[in-house]
Amino acid sequence: MSSPARVRFAPSPTGRLHIGGARTALYDYLLARQTGGKFVIRIEDTDRMRFVPGAEAEIYAALSWLGMEWDEGPDIGGPYAPYRQSERTEIYLEHAKMLVDSDHAYYCFCTAERLATVRKEQQARKQAPRYDGLCRRLSPEEALDRKNAGESHVIRFKTPRQGKTTGIDAIRGEITVENASLDDYILLKSDGLPVYHLAAMVDDHLMEITHVLRTSEWLPTFPLHVLIYEAFDWEQPAWVHMSVLLNPSGKGKLSKRHGSGGAHAIYPIELKEAGYMPEAVVNWLALMGWSYDDRTEFFSMSDLIGKFSLAKLNASPAAVNFSKLDHFNGLHIRSLSEEDLASRLVPHFYAAEIEVTVAQLRPIVPLIQERSRTLDEAVEMSGFFFRDAVQPDPQQLIGKNMSPAESAAALARSIEVIQGFDRLDTESLELSLRKLSGDLDLKVGQLFGILRVAVTGQRVSPPLIETMEILGKELVLERLKQATELLESSK
Ligand code: GLU
């Protein structure tokens, strides 16, 4: 086994946690648990303009729901606290100054107007826009004087002009760039707050992070990050740039368009509300960018902890496939014990304003476990068991290729048959109703179709005969009579 990994999930609270972020957190979590290491949450909230209240709380709620408990974080503390970057600004300032002192960074006093002019000129010359290095040429004494005189400034990284920088990505191998192609990036803004490049590197080092898992969107600035580590003379972590998630069409990065109001839920908390199980979401996310072999698709969290490996992360982006999620949810619903499924269903019944207990749900669980893709679908399919009355659509009470009168007659004969029972048991009820369909010169499907709508109020339901047995003779008769009346009055 590899040595204990310290991994961090470092979201910015600039919006809701979506499935891409949840996937990153999952890989972090798996690596930490697999190696007996630590899973750390760090909130990267130095961009005050884009701060969204409530975002941090949703991150915790989503990760908890998905079953990824963390070992250190802003809410629970830990040996490397604080874990919120807005509470660490002194540390970044101090480190930026260390880089200035070691000649790896410099104060820059250029105004926004000057930078805009430089950019325009570079564009006119068809050059890549980048800082022209005016303040890089200031003597340290002059820079310090201007700074001490209170002139507004930023701190820029003094990117080497010569040579090349090589970083090693765990998925892609060596990545080398010419230093001349890089900019003198800003590390600390004029308000004294750091940008990601400084804050994340400093924190990853101070928090002794061993593996940095983030998406390939960070590849363009990866050389800068390697250079910052080198400038501090720190040991590089393992860098892992995961492929991004694409829209279901495979075109373009997964976007909000597919979120709220869009075609699908892309936020774990919405998936929860829509009746998906956390185990299924985890299974689905794990396979978006990682695979074990070509065959195995069912993974529990403990399977994943055992089997996950960085070596099997995929370099190419994965398109999000929502029908796969339905598929996994069905698999995980079927893998639960009946008791467990019943207790997970309870809140979804409540949400549909049906107050049931686990004990009341137990008998119907076997009927819906095989047929439901989501917990909400299970409620839709079986809510009629607990409602006082059902409201069948009269049109649907008319059997296939039958008239309303023939359908009403079939219902009346079914009532007679059922009245002959003391209590409904599936075997003899099935025999009697099949026989009745023969007597009426109907196909079994025609008769059962009418009875299904009459008894459940819907066209799709758990198996009819078992359903009738559970509902019991009295309730079945009541619903059949009500349906007959409905047919007759709508003639
Ligand atoms: N705060 C960064 C983001 O949300 C974190 C990237 C990283 O994991 O280093 O994109």
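We number each residue from 1, following the sequence as shown. We count ligands from 1, going down the list as the structure has it; atoms in each ligand are counted the same way.
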Check your understanding: Would you say the side chain of Val320 lies within less than 4.5 Å of the side chain of Leu246, judging by non-hydrogen atoms?
Key -> no
Point to revise | Winner among Arg8, Met242, His225 once heavy atoms are compared against atom 8 (O) of ligand 1 | key: Arg8
Practice item. Locate the shortest heavy-atom distance separating Val240 from Ala170; write the atom from each residue and the value. Key: CG2-CB, 3.8 Å
Point to revise | is_close_aromatic(Trp70, Tyr60), centroid dist under 6.0 Å | key: yes
Check your understanding: At under 4.0 Å between heavy atoms, which part of Trp218 makes contact with ligand 1: side chain, backbone, both or neither?
Key -> side chain
Point to revise | Per-residue contact class, Ser12 against ligand 1 - non-hydrogen pairs under 4.0 Å | key: both
Check your understanding: Which ligand 1 atoms, with their elements, are less than 4.0 angstrom from a heavy-atom of Glu44?
Key -> 1 (N), 2 (C), 5 (C)
**Study point:** Proximal ligand 1 atoms for Tyr196, defined as those under 4.0 Å from one of its heavy atoms
**Key:** 2 (C), 5 (C), 6 (C), 7 (C), 9 (O)
Check your understanding: Is there side-chain contact between Arg214 and His225, with at least one heavy-atom pair below 4.5 Å?
Key -> yes
Practice item. For atom 5 (C) of ligand 1, find the nearest protein heavy atom and state the residue, atom name and distance (0.1 Å precision). Key: Ala10 O, 3.1 Å
Practice item. For residues Leu144 and Tyr107, determine if any side-chain heavy atom of one lies less than 4.5 Å from a side-chain heavy atom of the other. Key: yes
Check your understanding: Are any side-chain N or O atoms of Tyr27 and backbone N or O atoms of Ala286, one a donor and one an acceptor, separated by less than 3.5 Å?
Key -> yes
Review point. Does Pro11, backbone or side chain, put an N or O under 3.5 Å from an N or O of ligand 1?
Key: no
